[in-house]
Amino acid sequence: MAGLKERFQAFVNNRWLVFVAAMWMQSCTGPGYIFGSISPVIKSSLNYNQRQLSKLGVAKDLGGSVGIIAGSLSEILPLWGVLLVGALQNLIGYSSLWLIVTGKVPVFPPWAMCVLIFVGNNGETYFNTAALVSCVQNFPKSRGPVVGILKGFAALSGAILTQIYTMINFPDQASLIFMVAVGPTMVVFALMFIIRPVGGHKELRPSDGLSFTVVYSVCLLLAAYLMAIMLLEDLVSVSHNLITVLTLILFVPLFIPIVLSFCEEYRDPVEEVLLPKPYQHDAGNPEQDTREHEVVSSEFKDENHEEVDSLVVPEGQKRIAQLQAKLFQAAAEGAVRVKNRKGPHRGEDFTLMQALIEADFWLIMFSLLLGSGSGLTVIDNLGQMSQSLGYDNTHIFVSMICIWNFIGRVGGGYISEIIVRDHAYPRPIVIAMAQLVMAVGHVFFAMGWPGAMYIGTLLIGLCYGAHWAIMPATVSELFGLKKFGAFYNFLNLANPAGTLVFSGVIASRIYDREAEKQARQHRIQSHISGSIFSGMLAADESLNCEGSICFFLSSMIMSGFCMIAVVLSVILVYRTKTVYAHLYGKSCIRYQG
């Protein structure tokens, strides 16, 4: 019987504790998702027009996506050091923005404001890198659910922070910026020594299924709770005690590592390492495949050793000969290749430079740029979109799209895992379907029908979230885990690149043009002369547009680009069918990527 000390040590080193801590951190460290809530107060306080505000939004997206430094530091520093750098950047950037918006310090020029929000939101890349790198390494056989849940909580952080802000009744909207500066920093300081890769047995265990079920249940409960509170607060006065309920829901997953550490039979860490593993080979170790024979599969590495080892020696040798014959046959058919070229094949560990010359990597990149970039453009401009359609309370739509984003990420990871595990079909097929639905969501925003804001928010939030649950898992399967942090942070560049085009160039220019037209018509109707109007228009830098026309053309353009993204995703599916068939196919030759 293990003592309390050993049990507590097992609890501290439990990979589920790391996962739960990463969930908590992600649930309040996604400040970029509430830009739609803070953008109106920035626009009014600094007297910005829509084009200037869009540039600030692009700088924010760029900061939240350029994670090259975070990825590089994750290979040099311990993860707590990575989290510390991110927390300090978050505090410096957003606290400076709060001081400027509230008038406590002089207003900086627009380029300096872009630098500040870039620095503040860049802290998010450190949080994401630490959470994903540690948990994907701790759960290599459950990448889809792990990535989906973690990215889902990052998306939900906007709704959580917004609801806490609403319940506390801060004196002004600028206080939300202060909360974004201080809140995530405190949480990261509290959890940064827990989030790390841990040793021990990392294969699928019987308890994993139930544990993930509990986590999924918490996700659905949390989303339903936030949605209910959001709807109720417009009808009745919401009690501050509801924050306590929110905290209790977030603490439910903590029971998983507690039960696994203190209630199950204790195993010594040495025994954990010696537990039988269903798939002994690990991605990124092609040397293991050359020990038995010269032929190496580029699309899979594992054979079913359990079946071979269970046979007597002559039968085992016969089975190996059969496997080699099948490998030669598959190579002749083009499914696999004999190792006749330098560099890794799909499924092995790539470096970033090696991945950059692969067509599949760029298909993923451009599909993300068009699909995810257009979705993030909606998220950034949601405040102005709702105001243009006559809605006063923009917070409700920001919270709603965060919740749908959360469900899209969790659900995308879950559905894609079913597709690859049960049907051995490529994950990107789910992205293709999501992008098709996203194109419809943009049409709803363009038309501005009654209730279109609610439906468009639902469709865009779900589909945008699915991108960031599925694509990171896809990259880890096609290009390996060794440089996963670098791959993930490079793909993150798709977000700012997309918003730079869709928001900074297209949407903002069209919005300002329509706003100027409406202002001119209003002046003419008020019988103000053109000369006076010209002077007043030049002085009025904060123009507002009303009606569906404000975002009609930009939304239709983004809908068209989503259809192009569908085509790219379908091409990716076609190109990776063989990879996934061997990666997850139920055959005697099994590849584990």
Side-chain angles (χ1 to χ4, degrees), residues 23 26-28 30-37 145 147-163 166 216-234 246 249 368 371-383 385-386 389 391 393-416 430-431 433-446 449 451-471 495 498-499 551 555 558-559 562:
M23 287 166 50
Q26 293 289 84
S27 68
C28 60
Y33 292 104
I34 62 172
F35 185 76
S37 290
V147 173
I149 291 169
L150 290 178
K151 293 295 293 179
F153 271 96
L156 196 64
S157 63
I160 293 175
L161 291 173
T162 300
Q163 292 307 309
T166 302
Y216 278 124
S217 301
V218 169
C219 292
L220 294 176
L221 179 61
L222 187 59
Y225 175 79
L226 288 172
M227 183 66 73
I229 293 301
M230 186 174 55
L231 296 176
L232 285 175
E233 66 185 9
D234 287 337
L246 175 65
I249 295 175
L368 266 178
S372 177
S374 65
L376 189 58
T377 298
V378 172
I379 294 175
D380 287 348
N381 291 278
L382 201 57
M385 295 176 81
S386 59
L389 294 178
Y391 294 96
N393 187 2
T394 62
H395 294 306
I396 186 171
F397 294 107
V398 173
S399 296
M400 283 181 64
I401 205 166
C402 288
I403 293 172
W404 298 131
N405 188 3
F406 167 70
I407 295 177
R409 296 185 183 211
V410 175
Y414 179 78
I415 294 172
S416 69
V430 183
I431 286 296
M433 293 186 290
Q435 289 165 340
L436 187 61
V437 176
M438 181 177 278
V440 177
H442 286 302
V443 172
F444 273 93
F445 279 119
W449 295 316
M453 279 295 300
Y454 294 94
I455 299 175
T457 299
L458 167 66
L459 298 181
I460 298 297
L462 287 175
C463 298
Y464 172 79
H467 281 77
W468 290 104
I470 298 169
M471 286 309 195
N495 267 350
T499 54
F551 289 94
S555 294
M558 289 189 290
S559 180
C562 281

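Keep in mind that this is a model prediction, so the values were computed, not measured.
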Item to check | Non-hydrogen side-chain atoms of M438 and S374 separated by less than 4.5 Å | outcome: yes
Item to check | Contacts of L220 that satisfy side chain to side chain contact (heavy atoms under 4.5 Å, CB included) - sequence neighbours left out | outcome: none
Checklist outcome for this item: Sorted by chain and residue number, the side chain to side chain contact (heavy atoms under 4.5 Å, CB included) partners of L226 (sequence neighbours excluded) come out as L156, A159, I160, Q163, L222, L246, I403
Item to check | Under 3.5 Å donor-acceptor, S559 side chain and A439 backbone | outcome: yes
Item to check | Minimum heavy-atom distance between T457 and F445, given as atom pair plus value | outcome: N-CZ, 3.5 Å
Item to check | Check: S555 side chain, F551 main-chain N or O, donor-acceptor pair, under 3.5 Å | outcome: yes
Checklist entry - Can you tell me how far the OG atom of S27 sits from the CD1 atom of I249, to the nearest 0.5 Å? => result 12.0 Å
Item to check | Rounded distance (nearest 0.5 Å) linking atom CD1 of I379 with atom OG of S372 | outcome: 8.0 Å
Item to check | Under 3.5 Å donor-acceptor, N381 side chain and T377 backbone | outcome: yes
Checklist entry - OH/Y414 to CD1/I149 distance, rounded to the nearest 0.5 angstrom? => result 11.0 Å
Checklist entry - Which atom pair, heavy atoms only, marks the closest approach of L161 to C28? => result CD1-O, 4.1 Å
Checklist entry - Given side chains that start at C-beta, do those of C219 and F406 come closer than 4.5 Å, heavy atoms only? => result yes
Checklist entry - Given side chains that start at C-beta, do those of N495 and Y464 come closer than 4.5 Å, heavy atoms only? => result yes
Next on the checklist: Contact between P145 and Y216 at the side-chain level, heavy atoms closer than 4.5 Å - yes or no?
Outcome noted: yes
Checklist entry - Taking C-beta and beyond as the side chain, do C562 and H442 meet within less than 4.5 Å on heavy atoms? => result yes
Next on the checklist: If you compare all heavy atoms of I431 against all heavy atoms of H467, which two are closest, and at what distance to 0.1 Å?
Outcome noted: CD1-CA, 3.3 Å
Checklist entry - Does the side chain of R409 reach to within under 4.5 Å of the side chain of N405, using non-hydrogen atoms? => result yes
Checklist entry - To the nearest 0.5 Å, how far apart are CG in L459 and OH in Y454? => result 15.0 Å
Checklist entry - Taking atom CG of L389 and atom CE of M453, what is their separation to the nearest 0.5 Å? => result 6.0 Å
Item to check | Heavy-atom closest contact (G152 atom, V410 atom, distance) | outcome: CA-CG2, 4.4 Å
Item to check | Flag side-chain contact, heavy atom, 4.5 Å: I460 against F444 | outcome: no
Checklist entry - Can you tell if the side chain of M385 reaches within under 4.5 Å of the side chain of F397, non-hydrogen atoms only? => result no
Item to check | Audit row: V437, L462, side chain to side chain contact (heavy atoms under 4.5 Å, CB included) steps and yes/no | outcome: CA-CA 9 Å; V437 176; L462 287 175; over 6 Å; no
